[in-house]
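Beneath this line is the structure, given in structure tokens, with notes to follow.
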Amino acid sequence: MKPARTRFAPSPTGFMHVGGVRTALFAWLVARQTGGQFILRIEDTDQAREVEGSAAHIQKSLRWLGIEWDEGPDKGGPYAPYMQSKRLDIYKEWAQKLVEQGRAYADPYSPEELQALRDKAKAEKRPFLFRDHRPEHPPAWDGTQPLRFKSEAREYDWHDEVMGDLHTGPEVVDDFILMKSDGFPTYNFCHIIDDHLMSITHVIRSQEFIASVPKFLNLYDALGIEWPIFATLPYVMAPDGKKKLGKRDGAKDILEYAKEGYLPETMLNFLATLGWNDGTEQEIFSVSELIEKFRLDRVQRGGACFDEQRLLWMNGTHIRALTLDELYARCKDFWPASAGDYDDAYKKNVLGLVQERLKFFAELPMLTNFFFEDLPVNMELIDGNKQLKKFEHSALKELLEQSRTAIEQSNFSVDDLSTKLNNLLEQTGQKPGVLFSLIRIATTQAPASPALAESMAVLGRECVLRRIDACLQKL
RNA sequence: GGCCCCUUCGUCUAGUGGUCCAGGACGUCAGGUUCUCAUCCUGAAGAUCGCGGGUUCGACUCCCGCAGGGGUCACCA
């Protein structure tokens, strides 16, 4: 496969959510898979909508995900600059070329006049086409009027890597604005110039642009630019499945997932398999597998719902696949405050016990706090336990005292604790459901915890006995 | 409204004429793994393949129509 040059070209109007990330991901995968380049280009041509700091935020998001770009505003490259607001002269030059060729003209209408024409067409129930209202003698373009493309009404056939073979009639090709009256180009114009100048081979973008492609094709032809390969991605849908996932439907800033302790490889795996599969039954893909196996022509044409449940499961799966050392390094910012004084070895032991229970790192404090601090004795845990509530407190106290004696004699290795615990079962004649529940609650004071012997081994003799004593006092 | 796209279990999907009275995964439910939670394992429920016509010996798969959903028709991208 020839090296592809793909790009992600966001406009800096806010944070990145999963839809944008998926578009970037697919473009990046194509570039990496073919040994080509992935370019980041900031499309900041709408001054009114621009949000301060959002270009930096987008870059931060991509970096967290590991979607690295080869050329971009911060690192430059052979086709710099990579920010459209810094390329205004280039667009002006190309616009001038079109004017000279008679393929662009100054738009003399005021917004009100234009609106009146549109309203009239609508009232008469016929489609509005600007090219039906071209001025006979347009004024010379001086840069203060919008500049329009003089389109050529014709039908188009083209291929889209995702959507297949597409066709439209001449009615969708119309004169559109190339340069706005503020001197900035429109997306419709400058993305074509930039993609050409930057030698972009694949234009990978989301669905909202598909209806405009014939217009773009007409412009490519007028400019004498060869068509790139098109790939149109369907939307990521809101959970209701009806409309595309937007901020109102809970589309979160992708960095929120970082804060909650989702792994970037989870996000990549999840987003890639949301609307794409390799034809096998594989669900979990590493990033390198994704790079190897991804194919644009296996991307679904219909939108796919964003399913948080599946994301949660997938993150747990990726967490479990990590070695303990990797996991430890990744979740270092998520420990409960009470863990502060404990050393790495202890925390690693704790982590080993909760690894298979962790779905996302923000759960770490809830899952591990009792390893770092003595929780207050909570009689509810005993009185509400379906095995223990049948017993009188005095009977439980006796049982726990007996247990303490046995546990005290252990060397606190997991094996020895298990042996002692098993002996205790015989001595007392109790079922594990009773005896182990009692000891587990006494030593953790947590509604849920890892296996008993393992937990006690990590907590250590002093701590276990102290907690049992505290519990005995309340019984 | 014109044009374009889409339509298989609740969700993500496999499936390119017979191997599909439709397979996998998430989720749900049940059982098992000496206590809880989780993991893991096993099992169950869950899709008349949007609807209606064709073509064919045979259609989820091909053709036509319809319906529903989505997108687009900006000096936004």
Side-chain angles (χ1 to χ4, degrees), chain A residues 9-13 43-46 48-49 107 111 114-115 118 121-122 125-130 145-148 160 162-164 166-169 171-172 174 176-182 184-188 190-191 205-215 232 234-235 237 239 241-244 270 273-284 300-314 316-317 320 353-359 367 381 385-388 418 421-422 425 431-441 444 446-452:
Chain A
S11 61
T13 53
E43 309 220 317
D44 55 344
T45 55
D46 186 349
R49 286 206 317 154
D107 177 351
L114 203 53
Q115 196 50 50
R118 288 205 173 95
K122 193 166 187 180
K125 292 197 170 178
R126 60 183 168 77
F128 172 81
L129 282 172
F130 192 94
Q145 318 99 314
L147 183 72
R148 267 185 201 272
D160 186 289
V162 175
M163 296 299 174
L166 267 15
H167 172 91
T168 52
E171 68 283 349
V172 300
D174 194 17
F176 58 92
I177 291 184
L178 301 168
M179 299 291 291
K180 299 181 270 187
S181 56
D182 64 1
F184 280 75
T186 59
Y187 165 84
N188 299 150
C190 61
H191 89 273
R205 84 240 291 188
S206 78
Q207 229 184 59
E208 67 262 34
F209 297 105
I210 197 165
S212 304
V213 170
K215 290 195 289 192
T232 300
Y235 289 125
M237 309 295 272
K242 296 293 184 194
K243 53 179 182 168
K244 87 168 184 180
F270 177 77
T273 52
L274 221 210
W276 170 84
N277 70 80
D278 71 346
T280 72
E281 287 178 352
Q282 186 170 352
E283 309 275 345
I284 301 297
Q300 300 289 330
R301 293 180 184 176
C305 291
F306 183 79
D307 181 4
E308 292 250 12
Q309 294 277 22
R310 189 176 162 80
L311 177 65
L312 202 60
W313 160 75
M314 199 173 272
T317 305
R320 270 172 259 129
L353 295 187
V354 299
Q355 179 166 18
E356 68 189 24
R357 275 151 252 256
L358 258 188
K359 293 268 196 283
L367 254 28
L381 292 174
N385 183 288
K386 68 173 189 271
Q387 304 267 14
L388 301 180
S418 299
L421 251 19
N422 281 333
L425 237 33
K431 297 194 162 187
V434 173
L435 186 70
F436 291 176
S437 292
L438 178 64
I439 302 174
R440 195 189 64 74
I441 290 168
T444 64
S449 61
L452 186 51

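Note: hydrogens, waters and symmetry copies are ignored here, and every other heavy atom, side chains too, is used. Chain letters run A, B, ... following the sequence lines, proteins first, then strands; residues in each count from 1.
Here A:A451 lies in heavy-atom contact (under 4.0 Å) with a base. Within the nucleic acid shown, A:I210 has no heavy atom closer than 4.0 Å to any nucleic acid atom. Nucleic acid contact for A:F176: none, since no nucleic acid atom lies under 4.0 Å from a heavy atom of the residue. The residue A:P450 sits close to a base: some heavy atom pair falls under 4.0 Å. In this structure, A:P127 reaches neither bases nor backbone, as no heavy-atom distance under 4.0 Å exists between it and the strands shown. Using a 4.0 Å heavy-atom criterion, one finds that A:H191 contacts no nucleic acid atom at all. Using a 4.0 Å heavy-atom distance criterion, A:G316 is classed as making no nucleic acid contact. A:R118 comes within 4.0 angstrom of the backbone, heavy atoms only, and of no base. If you check every strand for non-hydrogen atoms under 4.0 Å, A:T45 touches sugar and phosphate atoms only.
Checked against B:rA77, B:rC75, B:rG10, the side chain of A:Y187 finds its nearest nucleotide in B:rA77. Taking only side-chain atoms of A:D307, from C-beta outward, the nucleotide of B:rC75, B:rU11, B:rC76 with the closest atom is B:rU11. Residue A:N422 places its side chain closer to B:rU34 than to any other of B:rA25, B:rU34, B:rC3. When the nucleotides B:rC75, B:rU34, B:rC12 are ranked by their closest atom to the side chain of A:F436, B:rU34 comes out on top. Among the nucleotides B:rU36, B:rA14, B:rA77, the one closest to the side chain of A:S449 is B:rU36. Looking at the side chain of A:E281, the nearest of the listed nucleotides B:rG23, B:rU72, B:rU13 is B:rG23. Nearest nucleotide to the A:R148 side chain, out of B:rC75, B:rC37, B:rA14: B:rC75. The side chain of A:E283 lies closest to B:rA25 when the candidates are B:rC76, B:rA25, B:rC5. Among the nucleotides B:rG70, B:rC76, B:rA25, the one closest to any side-chain atom of A:T186 is B:rC76. Nearest nucleotide to the A:E208 side chain, out of B:rU34, B:rC5, B:rU72: B:rU72.
OP1 or OP2 of B:rC76 has at least one side-chain nitrogen or oxygen of A:K180 nearer than 4.0 Å. Residue A:Q300 places at least one side-chain N or O closer than 4.0 Å to OP1 or OP2 of B:rA14. Using a 4.0 Å cut-off, some side-chain N or O of A:R320 falls inside it from OP1 or OP2 of B:rC40. Taking side-chain N and O atoms only, A:N277 has no distance below 4.0 Å to OP1 or OP2 of B:rU13. Within the structure, a side-chain polar atom (N or O) of A:K359 is placed less than 4.0 Å from OP1 or OP2 of B:rU39.
Heavy-atom distances to RNA chain B give each of A:S11 and A:K386 a nearest nucleotide, and the one nearer the 5′ end belongs to A:K386. Taking for each of A:Q309 and A:L425 the nucleotide of RNA chain B with the nearest heavy atom, the 5'-most of the two is the partner of A:Q309.
Between the side chain of A:R440 and the base of B:rC35, at least one donor-acceptor pair of N or O atoms lies under 3.5 Å. A:R301 contributes no side-chain N or O that forms a donor-acceptor pair with the base of B:rC6 under 3.5 Å. At a cut-off of 3.5 angstrom, counting only N and O atoms as typed in the model, there is a donor on one side and an acceptor on the other between the side-chain of A:S181 and the base of B:rC75.
Between the C1' atoms of B:rC63 and B:rG23, the separation comes to 28 Å (whole Å). Distance check on atom C1': B:rG43 versus B:rU8 gives 24 Å, rounded to whole Å. For B:rC3 and B:rC9, the C1' atoms lie 34 Å apart once the distance is rounded to whole Å. B:rC5 and B:rC64: their P atoms are spaced 12 Å apart (whole Å). B:rA25 sits 10 Å from B:rC41 when the P atoms are compared, rounded to a whole Å. To the nearest whole angstrom, the two C1' atoms, one in B:rC6 and one in B:rA44, are 33 Å apart. Comparing the same atom, C1', in B:rG15 and in B:rC62 gives a spacing of 15 Å after rounding to whole Å. Of the P atoms belonging to B:rG50 and B:rA22, the separation is 15 Å, rounded to the nearest Å.
Whole-Å rounding puts the A:L358 CG to B:rC37 P distance at 17 Å. Here the P atom of nucleotide B:rC75 and the NZ atom of A:K215 are 9 Å apart, to the nearest Å. Separating the CG atom of A:L452 from the C1' atom of B:rU36 is a distance of 10 Å, rounded to the nearest angstrom. Whole-Å rounding puts the A:K244 NZ to B:rG70 C1' distance at 11 Å. Between the C1' atom of B:rA25 and the CD atom of A:Q282 lies a distance of 12 Å, rounded to the nearest Å. Between A:I284 atom CD1 and B:rC40 atom P the separation is 11 Å, expressed in whole Å. Between the CD atom of A:Q387 and the P atom of B:rU34 there is a distance of 15 Å, rounded to whole Å. Protein atom NZ of A:K431 is 13 Å distant from nucleotide atom C1' of B:rC35, rounded to whole Å.
The base-pairing partner of B:rU7, taking Watson-Crick or G-U wobble contacts with both distances under 3.5 Å, is B:rA67. With both pairing distances under 3.5 Å, B:rA77 is matched to nothing as a Watson-Crick or G-U wobble pair. Base-pair partner of B:rU34: not found among the strands shown (Watson-Crick or G-U wobble, both distances under 3.5 Å). Nucleotide B:rA44 forms a pair with B:rU28, judged by Watson-Crick or G-U wobble geometry with both contacts under 3.5 Å. In this structure, B:rC20 makes no Watson-Crick or G-U wobble pair, since no nucleotide meets both defining distances under 3.5 angstrom.
A donor-acceptor pair is defined here as one N or O able to donate and one able to accept, closer than 3.5 Å; no such pair exists between the side chain of A:D174 and the backbone of A:L129. A donor-acceptor pair is defined here as one N or O able to donate and one able to accept, closer than 3.5 Å; such a pair exists between the side chain of A:T280 and the backbone of A:Q282. For A:K180 (side chain) and A:T45 (main-chain N/O), a donor-acceptor pair under 3.5 Å exists by modelled atom type.
Here the side chains of A:L425 and A:F436 are in contact, with some heavy-atom distance below 4.5 Å. Counting heavy atoms from C-beta on, the side chains of A:L381 and A:P447 come closer than 4.5 Å. Residues A:E171 and A:P127 form no side-chain contact, since every pair of their non-hydrogen atoms from C-beta on lies 4.5 Å or further apart. Residues A:R205 and A:H191 are in side-chain contact: their nearest non-hydrogen atoms beyond the backbone lie under 4.5 Å apart. Residues A:M314 and A:T273 form a side-chain contact, since some pair of their non-hydrogen atoms from C-beta on lies under 4.5 Å apart. Residues A:D160 and A:V213 are not in side-chain contact: their nearest non-hydrogen atoms beyond the backbone lie 4.5 Å or more apart. Looking at A:R310 and A:F270, their side chains come closer than 4.5 Å, going by heavy atoms from C-beta outward.
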